[in-house]
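Before any comments, here is the structure.
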Amino acid sequence: MRLTKLFGKTQREIPAEADTISHQLLLRTGMISQLAAGVYSYLPLAWHSLKKIENIIRDEMDKAGGQEITMPVLQPIELWEKTGRAQAFGPILFKLVDRRERTLVLGPTHEEVVTDLAAHFTQSYRDLPLMLYQIQTKFRDEPRPRGGLIRVREFMMKDLYSFDIDEAGLDISYQKMLQAYKNIYARCGLTALLVEADSGAIGGKDSHEFILPAESGEDEVIYCHDCKYTANAEKAQFNKGKAKNDKPLRIEEMATPGIATIEAVANFLKVPQSQTIKAVFYIADGKFVFVVIRGDLPVNEIKLKNALHCQELRMATEAEIIDQRIVPGAASPIGIKGVKVVADDSITSGTNFVAGGNKPDTHIKNVNYPRDFKAELVTDIALARASDTCAKCGGKFQSIHGIEVGHIFKLGSFLSQTLGASFIDADGVSKPIVMGSYGIGLGRLLAAAIEQNHDDKGIIWPLPIAPYQIYLCPLYRDGTKVGEIAEKINGELEVAGLEVLFDDRQESPGVKFNDADLLGIPLRVTISPRTLEKKSVEVKWRMEKESKLLPIEGIASAIKQLIAEKSAK
RNA sequence: CGGGGUGUAGCGCAGUUGGUUCAGCGCGCAGCGUUUGGGACGCUGAGGUCGGUGGUUCGAAUCCACUCACCCCGACCA
């Protein structure tokens, strides 16, 4: 491809709207163009890379036994209402009304449609296991698109669905996909972490995410050095410490004038924060919830949401708290009636806690569960932090930020039951199909690849997903044969099946080199009067500092060799 | 949806005590010439209903009201 003909131009200045690195670079390289919030055009360079990613993914899906299909983007909302996920997705669903006043949604994912498909075509255990996938545009009306391609409203996703006769079958399918995903990231030249995850709105049981470590990532991964436990912070289990188990003492009211925070209470009464009980208030699907947790632990709203099985969760306002006749700053579940109380399991293992007195400026000493208060639900709702230790081995945690570039779920048979996707087993009994769901966002992976591979000059594409392999860079000079030889070499490289971006612009060396670095094409081949004197060209890898000369004679095969060696690594 | 911010040429910005040095600068773009191993230089030129609507005023990019769009921080996700 000739740079003079390429659609899309590089920019010197960083676009004001971008402050994520990948977003800046994608714009500066002329790879993408924004049309609306979270809606982008992919220009040729980006599209080339995306196609390469797509091909790697397709290849791995096929190898794992997936069959490619394509399903409608336009889906009747009734299908979503049947499974209850119209509610679960809520305003994320793009909805539209057709001329018959029928409501349709633009598919944010395809579990409903694919399950409906399976219900039609899968009747016998002989038809299973089955894996269907597609690579297609998804629509999600995200509340806040951000970071260029990191989080958008319209995006290409590979979504595969597995169908098995039982949980054991699902485990096998799940493992196959897990391995295929590992292969995909490796083949793209990227490092991704496999982490335990929460399943979110998709629902289901086991779930893993693939996270590309990146400073700008919005996900936090908790990682144990000793036993290699790796989980999303919103899911991570951790060691809450051994509480003192003294003999429960008699309850005792204390005056705590003007003291309303856990920190202040702990300081005032000279007890560690872990010896206090904190009260936090939420509104879950419109209902007030009283949450209690040990004073030193933060509440994990994801865990809480899962525990409550609610769609919408938010902190209660002060007015809402007072409305319940609760005293903010001195609240505890002792004697509270008519309010749902949810407790973190951390409060069950200790004794003689300090809790609020439910009167202004008053706290209570020696509070013990369940002697002094009851909770309707006691479970793990605490948020893990890097300072915590591993629940499995006690090892020290570490926290890593990253971008979620893949998510796989064990769905079970919830959807197949509600949509009637069943099969006749060998024993002649009708059973629901056991499903799994596996997704990768392609554009996000592209952006994440840039987040992971760049320097202050620009992108450093991993070879397998670079838009082109070679940047052919002649430094033209009148009265020399640079132009002529560059044309010849360009032809030879293309004949050899190499992907060449030919910088045929009449620009100064500085401009060309800077653009070559910005675009991040892996191998730069420079032809200049200087190299011609030695009957050679200069080759330089984007990721390396050193360059070397190669003879023009047989250059195409020499470069092909170089690329092949690099690919093998 | 809550909080913060920005809209002036393709990009980055100045101008915002209202008034023909207020419609400008840099980059980019077009033409000509000189340059050429890390973002060269000169000359010439094209390009903007100052986000939109309504108002105030003799006069609005500038003041007022409404509105739209986009970005950032939070709650959500591939």
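We name chains A, B, ... by the order of the sequence lines, and we start the count at 1 in each one.
Nucleotide B:A78 holds its P atom 19 Å from the CG atom of A:Leu446, rounded to whole Å. Separating the CZ atom of A:Phe409 from the P atom of B:C77 is a distance of 8 Å, rounded to the nearest angstrom. In this structure, CD1 of A:Ile150 is placed 14 Å from P of B:C71, rounded to the nearest angstrom.
The side chain of A:Gln34 approaches B:C71 more closely than any other nucleotide in the set B:C71, B:C27, B:A78. Closest contact between the side chain of A:His407 and the listed nucleotides B:A75, B:A78, B:G38 involves B:A78.
When each of A:Arg187, A:Gln179, A:Lys158, A:Lys182 is checked for a side-chain hydrogen bond (donor to acceptor under 3.5 Å, both in side chains) with A:Glu60, only A:Arg187 meets the rule.
With the nearest nucleotide of RNA chain B identified for both A:Thr526 and A:Asp19, A:Thr526 has the one nearer the 5' end.
Residue side chain A:Ser528 reaches the base of B:G37 through a donor-acceptor N/O pair under 3.5 Å, judged by distance alone.
Rounded to whole Å, the separation between the P atoms of B:U17 and B:C73 comes to 31 Å. B:C68 and B:C41 are spaced 46 Å apart, taking the P atom of each and rounding to whole Å. B:A75 and B:G24 have their C1' atoms separated by 44 Å, given to the nearest Å. Atom C1' of B:C72 sits at a distance of 47 Å from the matching atom of B:G33, rounded to the whole Å. Between B:C50 and B:A40, the two P atoms lie 35 Å apart (nearest whole Å). Atom C1' of B:U8 sits at a distance of 10 Å from the matching atom of B:A14, rounded to the whole Å.
Across all strands, A:Ala18 comes closer than 4.0 Å to no nucleic acid atom at all (heavy-atom distances). Across all strands shown, A:Glu142 has heavy atoms under 4.0 Å from base atoms, whether or not it also approaches the sugar-phosphate. Residue-level contact check: A:Glu209 touches neither bases nor backbone, having no heavy atom under 4.0 Å from any strand.
Using a 4.0 Å cut-off between a side-chain N of Lys or Arg and a carboxylate O of Asp or Glu, A:Arg58 and A:Glu68 qualify as a salt bridge.
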(message) Assess the residue pair A:His48 and A:Tyr468 against the criterion (ring pair (Phe, Tyr, Trp, His ring centres under 6.0 Å)); give the C-alpha distance rounded to whole Å, side-chain angles, the decisive distance to 0.1 Å, and a yes or no.
(response) CA-CA 8 Å; A:His48 273 243; A:Tyr468 289 91; 4.8 Å; yes
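When all heavy atoms of A:Ser437 and A:Leu411 are compared, the closest pair comes out as CB-CD1, 3.6 Å.
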